[in-house]
Amino acid sequence: MIRHTFSFLDGIGLRLERHFWRMGIISWQEFLNRNFVNGISSDKKEMADVALSTTLSALDGRDAQYFSRLLPQREQWRLFDVFGSNALSIDIETNGLPEDKGGFVTVVGLYNGYDYRALVKGIDLTEGNLKKELSGYSMIITFYGISFDIPFLSRKFNSLRFEIPHFDLGFASKRVGLKGGLKRLEGELGIIRDESVKGMDGYDAVKLWNLYRRRNREDTLEHLLKYNMEDTKNLFKIAEIIYKRLKASTGINEFISHS
DNA sequence: ACACAGATCCCGTGATCTTT
DNA sequence: AAAGATCACGGGATCTGTGT
């Protein structure tokens, strides 16, 4: 989808982008091949050509940081086809308190499509380990992580940087007409939760953590991790679905030759 | 070369939503 | 309860294409 995207260019919005598609300009290369493009002046065309060739080489180099700055948050989903194969879903649990009242991260769940990893406070949740686990990935997937998980982590672990594209399924799902939180979304998309964590929510995770700390019971921690794992893994499945729907909603599919 | 009309972008503001 | 992005909405600014 990123190769069909023009709306990051100066003075090009979503409308002009669609206009290009209608005229048969559906990729950067086709834009570059033309000397004139209906809808923009030749001055603008030249500027766009320069910008596009820079972007083209950034794509060749799979420069995730470049693209995270290029696209506004709400359009970062367009990078999923290029960076999704090297993406990491993130879901944190906390002790439930506001940060200025002693709130802290208890669990950071990470899933790259193959392996699930959980860093647990008091065991292996350290800034260094987090950095190690995050490094090398090109995209992060969260559910409203933009307003919760990522700022929370950033403030607790000062040196962490999330300078890669962020596919936030909370806002994305809303855009394709799906309402509600993660659990409800799973239900609507037919994603089944494991019996042991069915009906649980974030507050249950808080209670499980407190139980684990007070009674030091390993099985409560395992239960908490199981819950977090379901959340984290499901983000990946949902990302695939939402990406397809978002792409379809742009109308681009009508202009891509079916072969 | 110039002016106009319509298209499009862009920048507030305030309300809304979900996360633990 | 706090944070952050988005949406809807509207008005102002800018650009494009057309006609004279």
Side-chain angles (χ1 to χ4, degrees), chain A residues 6-23 36-48 68-69 71-78 89-109 118-121 125 140-156 162 165-188 197 199-213 223-225 227-232 234-235 238 242 246 249:
Chain A
F6 296 93
S7 52
F8 56 83
L9 294 167
D10 245 4
I12 312 288
L14 293 174
R15 289 191 152 98
L16 264 179
E17 180 178 84
R18 250 190 92 78
H19 177 60
F20 293 167
W21 296 345
R22 275 195 295 267
M23 295 188 302
F36 304 99
V37 170
N38 187 281
I40 59 173
S41 63
S42 47
D43 261 15
K44 232 176 177 179
K45 170 72 167 85
E46 282 180 40
M47 307 239 301
S68 74
R69 283 188 299 228
L71 296 189
Q73 181 52 235
R74 57 181 269 111
E75 299 300 335
Q76 301 227 339
W77 64 271
R78 295 180 183 228
S89 59
I90 301 176
D91 183 47
I92 71 170
E93 313 297 337
T94 74
N95 63 341
L97 297 175
E99 281 175 79
D100 56 359
K101 299 229 167 64
F104 55 80
V105 180
T106 58
V107 174
V108 178
L119 299 179
V120 179
K121 184 177 175 67
L125 177 56
I140 54 183
I141 301 169
T142 67
F143 197 85
Y144 283 112
I146 280 172
S147 42
F148 184 73
D149 303 64
I150 299 305
F152 206 116
L153 281 174
S154 296
R155 281 190 291 266
K156 292 298 175 184
F162 297 91
H166 185 165
F167 189 5
D168 192 316
L169 303 175
F171 296 109
S173 60
K174 203 157 63 172
R175 271 179 87 182
V176 296
L178 296 163
K179 299 186 203 309
L182 181 61
K183 313 298 184 281
R184 171 162 178 195
L185 194 59
E186 288 174 9
E188 284 189 37
V197 295
M200 285 181 62
D201 61 15
Y203 185 47
D204 293 317
V206 172
K207 290 186 280 194
L208 278 178
W209 175 261
N210 290 332
L211 221 57
Y212 160 67
R213 281 340 283 264
H223 196 184
L224 171 58
L225 293 183
Y227 164 77
N228 177 263
M229 180 173 76
E230 291 279 310
D231 270 11
T232 313
N234 285 348
L235 291 180
I238 294 169
I242 302 284
L246 278 170
S249 77

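Reminder, nothing fancy here: chain letters follow the sequence lines and each chain counts from 1. All values below were derived from every heavy atom in this structure, side-chain atoms included, with hydrogens, water molecules and symmetry-related copies excluded.
- For the pair A:K45 and A:F36, the cation does not sit on the ring face, since its NZ or CZ is not both under 6.0 Å from the ring centre and inside 45° of the axis.
- Separating the CZ atom of A:F162 from the P atom of C:dG4 is a distance of 14 Å, rounded to the nearest angstrom.
- Partners of A:W21 by ring pair (Phe, Tyr, Trp, His ring centres under 6.0 Å), not counting sequence neighbours: none found.
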Decide side-chain contact (heavy atoms from CB on, under 4.5 Å) for A:I238 and A:L185; before the verdict, give the C-alpha distance in whole Å, the side-chain angles of both, and the deciding distance to 0.1 Å.
CA-CA 9 Å; A:I238 294 169; A:L185 194 59; 4.0 Å; yes

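- Remark: side-chain polar atoms of A:D149 are paired, donor with acceptor, to backbone N or O of A:I92 under 3.5 angstrom.
- We find that A:E17 and A:R78 are joined by a salt bridge, their nearest charged nitrogen and carboxylate oxygen being less than 4.0 Å apart.
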Report the C-alpha separation of A:Y144 and A:F171 in whole Å, then their side-chain angles, then the decisive distance to 0.1 Å, and conclude whether the ring-ring contact (aromatic ring centres under 6.0 Å, His included) test is met.
CA-CA 7 Å; A:Y144 283 112; A:F171 296 109; 4.7 Å; yes

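- Atom NZ in A:K45 sits about 18 Å away from atom C1' in C:dC15, given to the nearest Å.
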Could I get a table of every N or O pair under 3.5 Å where one atom is in the protein and the other is in nucleotides 17-19 of chain C?
unit_1 : atom_1 : unit_2 : atom_2 : d
C:dG17 : OP1    : A:G39  : N      : 2.3

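- In this structure, A:K44 reaches the sugar-phosphate backbone alone: every heavy-atom distance under 4.0 Å involves primed, P, OP1 or OP2 atoms, never a base.
- Separating the CG atom of A:L9 from the P atom of B:dC10 is a distance of 11 Å, rounded to the nearest angstrom.
- Between A:G102 and A:N95 the shortest heavy-atom distance is O-ND2, 3.1 Å.
- One interatomic measurement links the two molecules: CG of A:L169 to P of C:dG4, which rounds to 20 Å at whole-angstrom precision.
- Whole-Å rounding puts the A:I146 CD1 to C:dT6 C1' distance at 10 Å.
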Output, in order, the C-alpha distance, side-chain angles, deciding distance and verdict of side-chain contact (heavy atoms from CB on, under 4.5 Å) for A:W209 and A:L224.
CA-CA 7 Å; A:W209 175 261; A:L224 171 58; 3.8 Å; yes

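- Listed by first then second residue, pairs satisfying side chain to side chain donor-acceptor pair (under 3.5 Å) with a partner in residues 166-175 of chain A read A:E75-A:R175, A:T142-A:H166, not counting sequence neighbours.
- The two atoms that bring A:R213 and A:K121 nearest to each other are NH1-O, 4.3 Å, heavy atoms only.
- Remark: DNA chain B takes part in the stems B:1-19 with C:2-20, each of 3 or more antiparallel Watson-Crick or G-U pairs, criterion distances under 3.5 Å.
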Annotated protein contacts, base or backbone, on nucleotides 12-20 of chain B with a non-hydrogen cut-off under 4.0 Å, one of B, S, - each
-----SSBB

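- Across the protein-nucleic acid pair, A:L246 atom CG and C:dT6 atom C1' stand 14 Å apart, rounded to whole Å.
- Using a 4.0 Å heavy-atom distance criterion, A:R155 is classed as a sugar-phosphate-only contact.
- A:F152 places its CZ atom 12 Å from the P atom of C:dA3, with the value rounded to the nearest Å.
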In 5'-to-3' order, the base (B), backbone-only (S) or no-contact (-) status of each nucleotide in nucleotides 4-9 of chain B, using a 4.0 angstrom heavy-atom cut-off, is ----SS

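- In this structure, A:E93 contributes its side chain and A:V108 its backbone to no donor-acceptor pair below 3.5 Å.
- Between A:D91 and A:L235, the closest heavy-atom pair is CB-CD1, 4.5 Å.
- In this structure a side-chain-to-backbone donor-acceptor pair under 3.5 Å is missing from A:N228 to A:A118.
- We find the NE2-CG distance between A:H223 and A:D204 to be 8.5 Å, quoted to the nearest 0.5 Å.
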